Amino acid sequence: MQIPPPQSEQELLDRCRIIAGKTIFELAHPFNQKIPTTLHQAKGWVGTLIEWHLGADSTNKSQPDFSYLGIELKTLPLDADYRPQESTYVCTAPLEPSLEIWRTSRVYKKLAHVLWVPIEASSQIPIPERRIGTPLLWRPCPKTEAILKQDWEELTEILQLGQIAKLSAKQGFYLQIRPKAAHSRILTSTLNEQGEAILTGPKGFYLRTLLTKNILANHYKY
DNA sequence: AGCTGATCATAT
DNA sequence: ATATGATCAGCT
């Protein structure tokens with residue numbers, strides 16, 4: 001079973017309407033997928049399943065999931081109160097010298113246009129019974145972008161100055177930097193503040209749930 | 001209970 | 001090792 005990429009935003013939204021309200025059980029069936037009992041060893045499984053249903057074409061590529069539309073797909077795990085329960089991985093953080101500015105950055109490119117797909121993720125709900133919410137096509141408003149830009153510039157400056165030792169996940173209002181690797185023994189080379197080669201774990205940009213909670217609150221008013 | 005640091009699978 | 005897809009789990 002293969003689904004071609006959507007040719008318009010409307011076609012993408014039409015497909016979203018089809019999966020909204022369905023369970024993981026219903027979505028796994030047409031792809032003959034065995035549903036994992038836990039996501040412990042299948043952390044990206046649900047996201048991949050949604051990609052298949054919506055026709056994402058850039059799986060395993062450094063491009064938006066829907067390359068023709070320039071739209072990035074992100075699942076949004078919801079807790080029992082239907083609020084985001086996990087942060088959202090964006091992309092790797094550059095430990096090498098970079099000429100990026102905000103608008104040319106990988107973070108901006110990823111976040112410029114996102115399809116958020118809310119999914120029930122409370123551990124109280126067995127995986128097959130978890131339901132898909134109504135997906136939301138989103139662009140950062142000017143106020144939100146300004147905050148992301150400031151976060152990105154502060155964090156990027158620290159990295160570019162080689163001050164990785166003073167970097168922690170506590171920095172950043174919406175955007176933060178955390179480890180991103182299979183495990184903590186994986187090391188990559190970078191330069192410290194004195195320009196000396198040192199080893200450090202790979203890092204990634206993540207969105208705090210504060211942002212995704214705000215996005216949902218602003219779009220699903222009652 | 002929320003957050004930070006650590007970790008899991010797969011493809012290239 | 002790096003990219004994709006993310007969640008786990010110990011500590012505060």
Side-chain angles (χ1 to χ4, degrees), chain A residues 3 5 24 27-28 31 33-67 71-96 98 105-107 109-111 114-127 130 132 135 151 155 158-159 164-190 197-214:
Chain A
I3 307 269
I24 295 293
L27 295 188
F31 290 97
Q33 281 290 296
K34 180 175 181 179
I35 303 174
T37 309
T38 168
L39 296 182
H40 189 180
Q41 289 165 285
K43 295 181 179 180
W45 184 81
V46 174
T48 304
L49 186 61
I50 301 298
E51 286 184 337
W52 292 344
H53 272 272
L54 297 181
D57 60 297
S58 295
T59 310
N60 297 323
K61 295 194 183 77
S62 300
Q63 288 179 20
D65 294 291
F66 305 100
S67 58
I71 295 172
E72 177 71 16
L73 171 63
K74 289 291 182 191
T75 56
L76 199 48
L78 304 182
D79 63 19
D81 298 321
Y82 292 96
R83 311 188 82 212
Q85 70 175 7
E86 287 286 352
S87 56
T88 302
Y89 174 68
V90 181
C91 61
T92 54
L95 299 177
E96 292 293 314
S98 164
S105 69
R106 282 174 287 174
V107 173
K109 288 173 182 171
K110 285 271 184 186
L111 299 182
V114 178
L115 180 72
W116 297 103
V117 181
I119 299 175
E120 287 181 327
S122 162
S123 60
Q124 301 304 110
I125 310 175
I127 293 173
R130 296 181 187 180
I132 312 306
D151 285 341
L155 295 168
I158 292 172
L159 291 179
I164 196 157
K166 68 171 258 191
L167 188 62
S168 98
K170 295 180 179 60
Q171 291 163 273
F173 186 78
Y174 278 158
L175 196 63
Q176 65 180 167
I177 289 181
R178 303 218 307 277
K180 169 62 175 176
H183 52 76
S184 57
R185 282 101 63 200
I186 291 182
L187 298 173
T188 187
S189 181
T190 186
I198 57 167
L199 292 177
T200 186
K203 309 285 189 255
F205 284 107
Y206 293 80
L207 297 176
R208 295 181 184 280
T209 55
L210 176 59
L211 174 57
T212 46
K213 283 172 180 171
N214 286 346

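Since we're looking at a predicted model, the values are computed, not measured. First the proteins, then the strands, lettered A, B, ... as listed; each starts at 1.
For A:Lys180 against C:dT4, a side-chain N or O and a base N or O form a donor-acceptor pair under 3.5 Å. Scanning atom types as modelled, no donor and acceptor separated by under 3.5 angstrom connect the side chain of A:Lys170 and the base of B:dT4. Within 3.5 Å, no donor on the side chain of A:Lys203 pairs with an acceptor on the base of B:dG5, nor the reverse.
When the P atom of C:dT7 is taken as reference, atom CD1 of A:Ile125 falls 14 Å away, rounded to whole Å. Summarising the geometry, the separation between CG on A:Leu39 and P on B:dT10 is reported as 14 Å, rounded to the nearest angstrom. In this structure, A:Arg208 atom CZ and C:dT7 atom C1' are separated by 17 Å, rounded to whole Å. For the pair A:Leu211 CG and B:dC3 C1', the computed distance is 16 Å after rounding to whole Å. Distance CH2 (A:Trp52) to P (C:dG5): 14 Å, rounded to an integer number of Å. The distance between atom CD of A:Glu86 and atom C1' of C:dG10, rounded to the nearest whole Å, is 14 Å. Atom pair A:Lys43:NZ and B:dA6:C1' shows a separation of 8 Å (rounding to whole Å applied). What separates NE2 of A:His40 from C1' of B:dT10 is a distance of 16 Å, to the nearest Å.
Toward the 5′ end of DNA chain B lies the nearest nucleotide of A:Asp79, the other residue of the pair A:Tyr206 and A:Asp79 mapping further downstream. Between A:Tyr89 and A:Ser62, the residue anchored closer to the 5' end of DNA chain C is A:Ser62, taking for each the nucleotide with the nearest heavy atom. Position along DNA chain C of the nearest nucleotide to A:Leu76 versus A:Thr92 favours A:Thr92 as the more 5'-ward residue. In terms of position along DNA chain B, the nucleotide closest to A:Gln171 lies nearer the 5' end than the nucleotide closest to the other residue of the pair A:Ala42 and A:Gln171.
At least one side-chain nitrogen or oxygen of A:Lys110 sits closer than 4.0 Å to the OP1 or OP2 atom of C:dT4. Phosphate proximity of C:dG5 to A:Thr59: absent, as no side-chain N or O sits under 4.0 Å from OP1 or OP2. At the phosphate of B:dT7, neither OP1 nor OP2 sits under 4.0 Å from any side-chain N or O atom of A:Arg178.
You'll find that the side chain of A:His183 is closest to B:dT7, out of C:dG5, B:dT7, B:dA6. Distance from the side chain of A:Thr188 is smallest to C:dT2 among C:dT2, B:dA6, C:dT4. Considering only side-chain atoms of A:Lys74, the nucleotide from C:dT7, B:dC3, C:dA6 that sits closest is C:dA6. Here the side chain of A:Glu51 is nearest to one of B:dT4, C:dT7, C:dG5, namely C:dG5.
If you check every strand for non-hydrogen atoms under 4.0 Å, A:Glu72 touches sugar and phosphate atoms only. The residue A:Ala121 sits apart from the nucleic acid: no heavy atom pair falls under 4.0 Å. In this structure, A:Thr48 reaches neither bases nor backbone, as no heavy-atom distance under 4.0 Å exists between it and the strands shown. Using a 4.0 Å heavy-atom criterion, one finds that A:Gln85 contacts no nucleic acid atom at all. The residue A:Gly47 sits close only to the backbone: its heavy atoms come under 4.0 Å of sugar-phosphate atoms, none of a base. Contact annotation for A:Gln41: backbone-only contact, meaning every heavy-atom pair under 4.0 Å involves sugar-phosphate atoms and none involves a base.
To the nearest 0.5 Å, atoms CG (A:Leu159) and CD1 (A:Ile177) are separated by 4.0 Å. To the nearest 0.5 angstrom, A:Leu210 atom CG is 12.5 Å from A:Ser87 atom OG. One distance of note links OG1 of A:Thr190 with CD1 of A:Ile198; it measures 6.0 Å at 0.5 Å rounding.
Taking the six-membered ring for Trp and thresholds of 30 and 60 degrees, A:His53 and A:Phe31 have ring planes more than 60 degrees apart, a perpendicular arrangement.
With no hydrogens or angles considered, a side-chain donor-acceptor pair links A:Trp45 and A:Gln33 at under 3.5 Å. Inspection of the A:Thr209 and A:Arg83 side chains reveals no N or O donor paired with an N or O acceptor under 3.5 Å.
Between A:Leu54 and A:Leu115, some side-chain heavy-atom pair lies under the 4.5 Å cut-off.
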